[in-house]
Amino acid sequence: MLRIAVTTPKGQTSEIECTLDTCSVGKGDDNLISLQGWTVSKKHAVIQRKPDGVYVEDLGSSSGTEVNGRKASRHGPLQPGDRITIAGYVLEVKDLDAPAAPVPAPATPAAAPATAAHAGATGPATGPAAEPATTPAAPPRAEPAPPSLDEQARALLNQHLKRVHQLLIKQMDLRRMDVSRQSEDELRATTRAMLEDIVNKDRELPPELDKARIVKQVLDEVVGLGPLEDLLADEQVTEIMVNRFDEIFIERAGRLSKSEITFTSDHAVIGAIERIVAPLGRRIDESSPMVDARLKDGSRVNAVIPPLALKGSNITIRKFSKNKLQGSDMVRFGSMTHEMLGFMQTVVENKSNIVISGGTGSGKTTLLNLLSSFIPSDERIITVEDAAELQLSQPNLIGLESRPPNAEGKGQISIRDLVKNTLRMRPDRIVVGECRGGEALDMLTAMNTGHDGSLTTAHANTPRDCLARIEVMVMMAGLDLPVRAIREQIASAIRFIVQQNRFSCGSRKITHITEITGMEGEMIQMQDIYLFRQEGFGADGKVKGKHIATGAIPDFYQDLKDRGMDVDLSVFQAGRVL
C-alpha cells in the first residue's frame, strides 16, 4: 500500500491511497494519480514499493520527473521529505517504511572476567562480573492497517472499470463516431453494444467480476450520471451529496449515511456535471467553477469544482418526488392538519399575498408548489426562479428562469430583472421561487400595485425573523429608503407568513401561520393564527407535538364575512387541538 500527498501548482493538497504497491502517475484516466497540464504525459511516471524501499521511475515523459529539484529517470529508495515534482505538482510518499526484514538473534558472548575498565573502577575488580549495559529496544512502529477485503475488491473493480472505459474511448475513436448527431437513446444503445463486445473479448477481466455490472457502470458513466443513476432511481433517497469521487453521502428519511457507491475518478464527476448543465446552456470550468442547475424531473443541482472545491469536484442534488405531493400527503405526514390546509386554500383562492419562511431544506419549495396549486385555473400565472423547480398545472402559465453571465462576464439576467419584466406581462399572480436580494423590493412593489395573491419564499427561522430579513433584502436593492418606509411597504404588501421548520429527526412541519395586521409606531404588528406546540421526542426519535389554534381570528376572515361569504370561525377556537 502507498499513501501519497499531492500538492497542485496552486497549493491545494490532497492525499491518495493506493491499495497496491504500484501507483501510476499521468494525464490518462487509468492512472491512480491523474494530473492536468499539457506537459504531463498520459503515462508520466510510476511510484513502486520494492523490498528495499520506494522508488520513482520516469516513463520517458517529455517534460521529465524531478526529485528534490533534480531530474531523475529512476530514483530510490526515497527518504522522508523527498519531493517528486511533475509539471508543477509536488508528490510526497508518506509511508516510506518498507516491511522490516527479520533480524537474526545475536550470539550469546562467552562469559569473561570483569576488569577494572568494565567495572568503572581504578582498583582491582571485586564481586561478581559486571553485566554489559544494554540499550532498551525501541517500541515497534505501528504499521498502517492493511486494506480490508471490501476495499481491495472495490479498488480492483475501479481499476478494471477505468481500463474498460479507456478501451471504449479508443474504439469510438477508431470508428470515428459522431455522437453529437445521435439521440440519447441511440447513443445509449450503440454504446451498450460496444461495451458488451469489449467485455466479452477482454481476457484481463477476472472471472469473479460481474460483466453485466461492469457494462452498466461504464455505460452510466459515459452517457448518464454514473453511479448517481442508481441513487436517483431509489425513491427513498431524498438528497445526494458527492463530496469527492469516492465519498458520497445520501439522505434517507431525514438521516444522513455514507453510500457504498462511488465514482471511478474525479474526471467522471466532472463529466457527470457537464452532462447536467450542458442542456441548460450553462457551463462549468476554471473561470466559472460553481453552477446551479436542475435535472429533467426538476431536482435541484449545485456543483463546485476545483480550485474552489479543495477535496475534489462535488455535487449536491435535492431530489423532487416523482409523484407531486398533495395536501392530503402533507396532512398524513403530520406537516399540517386538515383545518390548516383548508385555511391556506381559502387564503390563496381569495388572493392574499403569502411569504413562506424556513431554513435550508425545510420544504419551502414543496409547500410553495402545494399552495400554488390552489390558484384558480382561469388566472394568468408567471413564475420566476433561479433554476426552474415549480410544477404547476394551470393552463395559463409562463415560467421564467434567470441566466448567469457568459464566459466574457456578460449576458446575465437576474431574478430582479425578471420580476420587473413580469409587471409588463399582465400577470394575475406572480410566484417567485425565492427572494434572496434586491428583488424583494420589486416583489413588494408588485404586491402593492394590484398583483394580489402573489407568493414567494425567504430564508428565516421565525415569522419575526422573516420580516427582518425582508427589510435587509430591500436595502440590498441599493435605494436609500428609511426603515419606516420599508416596514410600511412590508405591512401593506404581505398578509400571511407561513413558517416551515425541519427538526433534527428529519420531520418537516408548519410551525406558524401568522397574519400581518399593520403598523403600530415603528413596529409591524402580527398575530399567530396556528402554532405547532412541541412536546419532546418519541421513542423512535421523531418529534412529538400538536398543532393548535391560538384563538385569534384573522382580520382576513372578518373581511370575507363582511363581504357576505360563509366562513367557519370555529376552527380558530382558542386552544383547540387540530
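Bear in mind the structure is a predicted one, so any value in this text is a computation, not a measurement.
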Visitor: Distance-only, no hydrogens or angles: does the Asn369 side chain make a donor-acceptor pair with backbone N or O of Gln391 under 3.5 Å?
Guide: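 Checked: pair present.
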Visitor: Among residues at least two apart in sequence or on other chains, which ones pass side-chain contact (heavy atoms from CB on, under 4.5 Å) with Pro404?
Guide: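 In terms of side-chain contact (heavy atoms from CB on, under 4.5 Å), with neighbours along the sequence ignored, Pro404 is linked to Arg282.
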Visitor: Determine whether the side chains of Asn302 and Thr316 contain a donor N or O and an acceptor N or O closer than 3.5 Å.
Guide: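 Per modelled atom types, Asn302 and Thr316 side chains form no pair under 3.5 Å.
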Visitor: Any chance CZ of Arg484 has more than 12 other-residue heavy atoms, nucleotides or ligands included, within less than 6.0 Å?
Guide: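 Yes, enclosed.
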Visitor: Are Leu370 and Leu368 close enough that some pair of their side-chain heavy atoms sits under 4.5 Å apart?
Guide: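 No, side chains not in contact.
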Visitor: Give a yes or no on whether the backbone of Val348 and the side-chain of Ser352 come within a donor-acceptor separation of less than 3.5 Å.
Guide: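 No: the side chain of Ser352 does not pair with the backbone of Val348.
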Visitor: Would you mind checking if Arg294 and Glu401 are paired as a salt bridge, meaning a charged N to carboxylate O distance below 4.0 Å?
Guide: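 The answer is yes: the pair qualifies as a salt bridge.
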Visitor: Measure the CG-OG1 distance between Asn353 and Thr456 for me, rounded to the nearest 0.5 Å.
Guide: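 With rounding to 0.5 Å, CG (Asn353) is 10.5 Å from OG1 (Thr456).
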Visitor: Within the 4.5 Å heavy-atom criterion, are Ile470 and Leu444 side-chain neighbours or not?
Guide: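 Touching, per the 4.5 Å side-chain cut-off.
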Visitor: Between Lys420 and Asp417, does any side-chain N to carboxylate O distance fall below 4.0 Å?
Guide: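 Salt bridge flag = no for Asp417 with Lys420.
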Visitor: Look at Glu515 together with Arg495 and state whether they make a salt bridge at an N to O cut-off of under 4.0 Å.
Guide: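 Yes, charged N to carboxylate O under 4.0 Å.
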Visitor: Indicate whether the side chain of Gln489 and that of Asn448 have a donor and an acceptor atom separated by less than 3.5 Å.
Guide: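 Checked: Gln489/Asn448 side chains pair up, N/O donor to acceptor below 3.5 Å.
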Visitor: Look at the side chain of Gln499 and the backbone N and O of Asn461, then say whether any donor-acceptor pair between them is shorter than 3.5 Å.
Guide: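 Present.
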Visitor: Test your reading of the model: is there a side-chain donor-acceptor pair from Asp266 to the backbone of Phe245, 3.5 Å cut-off?
Guide: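 Checked: no pair found.
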Visitor: Within the distance-only criterion (no hydrogens, no angle test), does the side chain of Thr238 pair as donor or acceptor with the backbone N or O of Glu251 below 3.5 angstrom?
Guide: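 Flag set: sc Thr238 to bb Glu251 pair under 3.5 Å.
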Visitor: Roughly how far, to the nearest 0.5 Å, is the CE atom of Met447 from the CD1 atom of Ile354?
Guide: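 Ile354 CD1 to Met447 CE: 9.0 Å, rounded to 0.5 Å.
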Visitor: At what distance, to the nearest 0.5 angstrom, does SG of Cys435 lie from CZ of Arg469?
Guide: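 Result: 9.5 Å between the selected atoms.
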Visitor: Carefully, step by step, assess Arg436 and Glu385 under the rule salt bridge (charged side-chain N to carboxylate O under 4.0 Å, His left out).
Guide: CA-CA 11 Å; Arg436 293 191 184 94; Glu385 300 174 84; over 6 Å; no
Visitor: Please say whether more than 12 non-hydrogen atoms of neighbouring residues, nucleotides or ligands are located less than 6.0 Å from CD in Glu15.
Guide: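 Above 12, so yes.
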Visitor: For Gly433, does its backbone N or O pair with a side-chain atom of Thr457 as donor and acceptor, under 3.5 Å?
Guide: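 Present.
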Visitor: State plainly whether the residues Glu535 and Lys544 are in salt-bridge range, i.e. N to O under 4.0 Å.
Guide: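 A salt bridge is absent here (no side-chain N lies under 4.0 Å from a carboxylate O).
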Visitor: Counting only N and O atoms by type, is there a donor-acceptor contact under 3.5 Å from the side chain of Thr346 to the main-chain atoms of Gly342?
Guide: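 The answer is yes, because a donor-acceptor pair under 3.5 Å joins these two groups.
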Visitor: Less than 4.5 Å apart, any side-chain heavy atom of Asp292 and any of Val301?
Guide: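 No - every pair of side-chain heavy atoms lies 4.5 Å or more apart.
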Visitor: Output yes when a side-chain donor or acceptor of Asp428 lies under 3.5 Å from a complementary backbone atom of Arg380, and no otherwise.
Guide: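 Yes, Asp428 side chain to Arg380 backbone: donor-acceptor pair under 3.5 Å.
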Visitor: Say whether Arg300 and Thr365, considering side chains only, have a donor N or O and an acceptor N or O under 3.5 Å apart.
Guide: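 Indeed, the side chains of Arg300 and Thr365 share at least one donor-acceptor pair under 3.5 Å.
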Visitor: For the residue pair Ser507 and Lys542, what are the closest heavy atoms and their distance?
Guide: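 Of all heavy-atom pairs spanning Ser507 and Lys542, the closest is OG-CD, 3.8 Å.
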Visitor: Quick test of your reading of the model: are Arg403 and Asp386 salt-bridged, counting only N-O distances below 4.0 Å?
Guide: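 Salt bridge flag = no for Asp386 with Arg403.
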Visitor: Using every non-hydrogen atom in the two residues, find where Ala552 and Gln527 come nearest and quote the distance to one decimal.
Guide: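 For Ala552 versus Gln527, the nearest heavy atoms are CB-OE1, 3.5 Å.
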Visitor: If you define the side chain from C-beta out and look only at heavy atoms, does anything of Met344 sit under 4.5 Å from Ile513?
Guide: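 Yes, close enough: below the 4.5 Å cut-off.
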Visitor: Do any pairs count as a ring pair (Phe, Tyr, Trp, His ring centres under 6.0 Å) and have a residue in residues 472-517, sequence neighbours left out, and if so which ones?
Guide: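 Non-adjacent pairs meeting ring pair (Phe, Tyr, Trp, His ring centres under 6.0 Å): Phe343-Phe496, Phe496-Phe556, Phe503-Phe532.
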Visitor: So, do Leu225 and Ile276 sit near enough that their side-chain heavy atoms are less than 4.5 Å apart?
Guide: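 In contact.
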Visitor: Side chains of His459 and Glu434: donor-acceptor distance under 3.5 Å anywhere?
Guide: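 Indeed, the side chains of His459 and Glu434 share at least one donor-acceptor pair under 3.5 Å.
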Visitor: Determine the minimum heavy-atom distance between Ala491 and Met519, stating which atoms define it.
Guide: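 For Ala491 and Met519, the tightest heavy-atom pair comes out as CB-CG, 3.8 Å.
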Visitor: Taking all heavy atoms of Leu392 and all of Ser372, pick out the closest pair and write down the distance.
Guide: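 That closest heavy-atom pairing would be CD2-CB, 3.2 Å.
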Visitor: Taking Cys466's backbone N and O only, do any of them form a donor-acceptor pair with Ser357's side chain (distance below 3.5 Å, no angle check)?
Guide: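 The answer is no, because no donor-acceptor pair under 3.5 Å joins these two groups.
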Visitor: What are the two closest non-hydrogen atoms of Ile317 and Ile315, and how far apart are they?
Guide: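 Scanning both residues completely, I find the closest heavy atoms to be CG1-CG2, 3.8 Å.
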Visitor: Just checking, is any N or O donor in the side chain of Asp285 or Ser288 under 3.5 Å from an acceptor N or O on the other one?
Guide: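 No, because no side-chain N or O of Asp285 sits under 3.5 Å from a partner of the opposite role on Ser288.
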Visitor: Among Glu522, Glu471, Glu488, find the residue that satisfies the side chain to side chain contact (heavy atoms under 4.5 Å, CB included) test when tested with Val483.
Guide: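 Among Glu522, Glu471, Glu488, the one that satisfies the side chain to side chain contact (heavy atoms under 4.5 Å, CB included) with Val483 is Glu471.
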Visitor: How long is the gap from CD on Glu239 to CZ on Arg318, to the nearest 0.5 Å?
Guide: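 One gets 4.5 Å once the value is rounded to the nearest 0.5 Å.
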Visitor: Ser377 and Gln394: side-chain donor and acceptor closer than 3.5 Å?
Guide: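 Looking only at side-chain atoms, Gln394 and Ser377 do not form any donor-acceptor pair under 3.5 Å.
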Visitor: Are the side chains of Val237 and Ile240 in contact, using a 4.5 Å heavy-atom criterion?
Guide: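 Touching, per the 4.5 Å side-chain cut-off.
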Visitor: Is there a side-chain contact between His451 and Pro427 (heavy atoms, below 4.5 Å)?
Guide: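 Yes, their side chains come closer than 4.5 Å.
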Visitor: Pairing donors with acceptors under 3.5 angstrom, does anything connect the side chains of Thr550 and Asp528?
Guide: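 No.
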Visitor: Can you tell me if Lys319 uses its side chain to pair, donor with acceptor, with the backbone of Leu232 under 3.5 Å?
Guide: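 Here the side-chain-to-backbone pair exists.
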Visitor: How long is the straight-line distance from NZ of Lys546 back to NZ of Lys509, given to the nearest 0.5 Å?
Guide: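 Here the rounded value is 13.5 Å.
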Visitor: Rounded at 0.5 Å granularity, tell me how far OG in Ser313 sits from CG in Leu308.
Guide: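 So the OG of Ser313 and the CG of Leu308 are separated by 10.5 Å.
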Visitor: Please find the pair of heavy atoms, one from Pro463 and one from Ile497, that lie closest to each other, and give the distance.
Guide: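 It is O-CD1, 3.7 Å.
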Visitor: So Ile250 and Leu231, do their side chains get closer than 4.5 Å, heavy atoms only?
Guide: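 Yes, their side chains come closer than 4.5 Å.
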